[in-house]
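Reading through the structure tokens given below for one structure.
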Amino acid sequence: MNALTYDAVNIGDELPSLQLPRVNRTTLALFAGASGDHNPIHIDTDFARKAGMPDVFAQGMLGMAWLGRLLTQWAPQSQLRRFDVRFQGITHLGHAVRCSGRVVEKLEHNGERCVRVEVLSANQYGQTRIAGEALVALR
């Protein structure tokens, strides 16, 4: 990872995107085990169907974790000052999620030079699943 500097980053710069493989049952089960989120709507087809869904679907925090990976592949986690998201749609089985981000502001925050980055995850149909922003401190 190259050390980013405040002076080298410009408004409009895009983060390298993160393309993920299609969501499958194994991914959901592994995330349930890793996160402790064993809500049956994410791992039990019968339960999901009784709840009115066509099948199980991804945990919202899995999508946020992918956006977190996008950010920490761009800058070290230690430089992340804030990370907020809005869940805007369900990520169903078979969705291939792409995470992207771009610098939208340069500012000083609590005595540190920072950039505000808008982040977004979308499925292969271009439908936004999660949108948010992060504040990243840069030297």
Side-chain angles (χ1 to χ4, degrees):
M1 180 182 322
N2 294 333
L4 295 171
T5 64
Y6 183 85
D7 292 332
V9 172
N10 296 301
I11 293 172
D13 285 357
E14 293 190 11
L15 281 62
S17 65
L18 175 64
Q19 180 65 54
L20 296 146
R22 292 183 184 276
V23 173
N24 60 38
R25 294 174 198 285
T26 302
T27 301
L28 302 184
L30 289 171
F31 186 77
S35 68
D37 182 353
H38 297 283
N39 185 329
I41 204 157
H42 300 301
I43 53 179
D44 183 332
T45 299
D46 292 334
F47 185 92
R49 289 186 178 149
K50 285 179 187 172
M53 299 303 295
D55 206 337
V56 297
F57 54 93
Q59 300 90 336
M61 294 307 292
L62 174 56
M64 188 173 182
W66 289 330
L67 286 172
R69 185 189 312 172
L70 170 83
L71 289 164
T72 59
Q73 287 180 348
W74 185 67
Q77 182 179 345
S78 62
Q79 292 175 222
L80 190 59
R81 298 296 180 258
R82 194 183 78 236
F83 179 30
D84 304 298
V85 300
R86 295 170 306 286
F87 299 98
Q88 297 185 345
I90 293 174
T91 300
H92 292 283
L93 289 176
H95 279 186
V97 174
R98 180 178 176 272
C99 298
S100 60
R102 74 182 170 89
V103 176
V104 295
E105 183 180 11
K106 294 176 81 169
L107 65 147
E108 186 170 310
H109 178 76
N110 292 335
E112 292 184 296
R113 296 193 310 172
C114 297
V115 293
R116 187 168 58 89
V117 179
E118 287 183 348
V119 294
L120 178 80
S121 73
N123 62 22
Q124 69 270 34
Y125 308 110
Q127 299 165 324
T128 299
R129 304 291 87 182
I130 302 175
E133 66 179 39
L135 189 65
V136 180
L138 297 177
R139 292 178 266 188

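The chain is numbered in sequence order, starting from 1. Since this is a predicted model, take the numbers as computed values, not measurements.
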Give, for atom [atom1] of [X] and atom [atom2] of [Y], the distance between the pair rounded to the nearest 0.5 Å.
{"X": "Leu62", "Y": "Leu28", "atom1": "CG", "atom2": "CG", "value": "7.0 Å"}
{"X": "Asn24", "Y": "Arg22", "atom1": "CG", "atom2": "CZ", "value": "11.0 Å"}
{"X": "Glu112", "Y": "Gln79", "atom1": "CD", "atom2": "CD", "value": "9.0 Å"}
{"X": "Arg116", "Y": "Arg102", "atom1": "CZ", "atom2": "CZ", "value": "9.0 Å"}
{"X": "Arg81", "Y": "His109", "atom1": "CZ", "atom2": "NE2", "value": "9.0 Å"}
{"X": "Trp74", "Y": "Leu80", "atom1": "CH2", "atom2": "CG", "value": "10.5 Å"}

Checking [X] now: which residues fulfil salt bridge (Lys or Arg N to Asp or Glu O under 4.0 Å) with it, not counting sequence neighbours?
{"X": "Arg25", "result": "Asp55"}
{"X": "Arg113", "result": "Asp7"}
{"X": "Arg98", "result": "none"}
{"X": "Asp84", "result": "Arg82"}

Any side-chain heavy-atom pair of Thr5 and Leu138 under 4.5 Å:
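No, too far: nothing below the 4.5 Å cut-off.
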With side chains defined as the heavy atoms from C-beta onward, is the minimum distance between Asp37 and His42 less than 4.5 Å?
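Touching, per the 4.5 Å side-chain cut-off.
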Please list all pairs meeting ring pair (Phe, Tyr, Trp, His ring centres under 6.0 Å) that have one or both residues in residues 75-94, counting only residues at least two apart or in different chains.
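Every pair satisfying ring pair (Phe, Tyr, Trp, His ring centres under 6.0 Å) with a residue in residues 75-94: His92-His95.
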Run the side-chain donor-acceptor check on residues 10-21: report pairs under 3.5 Å with partners two or more places apart or on a different chain.
residue	atom	partner	partner atom	Å
Asp13	OD2	Asn10	N	2.8
Gln19	NE2	Val97	O	3.3

What donor-acceptor contacts under 3.5 angstrom involve side-chain atoms of residues 117-125, with partners at least two apart or in another chain?
residue	atom	partner	partner atom	Å
Ser121	OG	Ile130	N	3.2
Asn123	OD1	Tyr125	N	2.9
Asn123	OD1	Gly126	N	3.3
Asn123	OD1	Gln127	N	3.0
Asn123	ND2	Gln127	OE1	2.7
Gln124	OE1	Ala96	N	2.8
Gln124	NE2	Gly94	O	3.4

Do the side chains of [X] and [Y] join up, straight or via other hydrophobic residues, at under 4.5 Å, putting them in one cluster?
{"X": "Val104", "Y": "Tyr6", "answer": "no"}
{"X": "Val136", "Y": "Val103", "answer": "yes"}
{"X": "Leu30", "Y": "Val56", "answer": "no"}

Count the heavy atoms belonging to other residues, nucleotides or ligands that lie under 6.0 Å from CD of Glu108, then report whether that count exceeds 12.
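It does: Glu108 CD has more than 12 such atoms within range.
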Apply side chain to side chain contact (heavy atoms under 4.5 Å, CB included) to His38 and list each qualifying residue two or more places apart in sequence or on a separate chain.
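Only Ala32 meet the side chain to side chain contact (heavy atoms under 4.5 Å, CB included) criterion with His38.
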What residues form a side chain to side chain contact (heavy atoms under 4.5 Å, CB included) with Ser78, not counting sequence neighbours?
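Per chain and number, Ser78 pairs via side chain to side chain contact (heavy atoms under 4.5 Å, CB included) with Pro76.
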Could you note down all residue pairs passing side-chain hydrogen bond (donor to acceptor under 3.5 Å, both in side chains) where residues 59-69 supplies at least one of them, sequence neighbours left out?
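Pairs touching residues 59-69 that pass the test: none.
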Please find the pair of heavy atoms, one from Leu70 and one from Gly101, that lie closest to each other, and give the distance.
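That closest heavy-atom pairing would be CD2-N, 3.9 Å.
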Distance-only, no hydrogens or angles: does the Thr72 side chain make a donor-acceptor pair with backbone N or O of Gly68 under 3.5 Å?
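Looks like yes, one N/O pair under 3.5 Å.
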Cluster partners of Met53, using ILVMFWY side-chain heavy atoms under 4.5 angstrom, listed by chain and number?
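Met53 shares its hydrophobic cluster with Ile41, Phe47, Phe57, Ile90.
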Summary of salt bridge (Lys or Arg N to Asp or Glu O under 4.0 Å) pairs that have at least one residue in residues 120-131, sequence neighbours excluded:
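Qualifying pairs: none.
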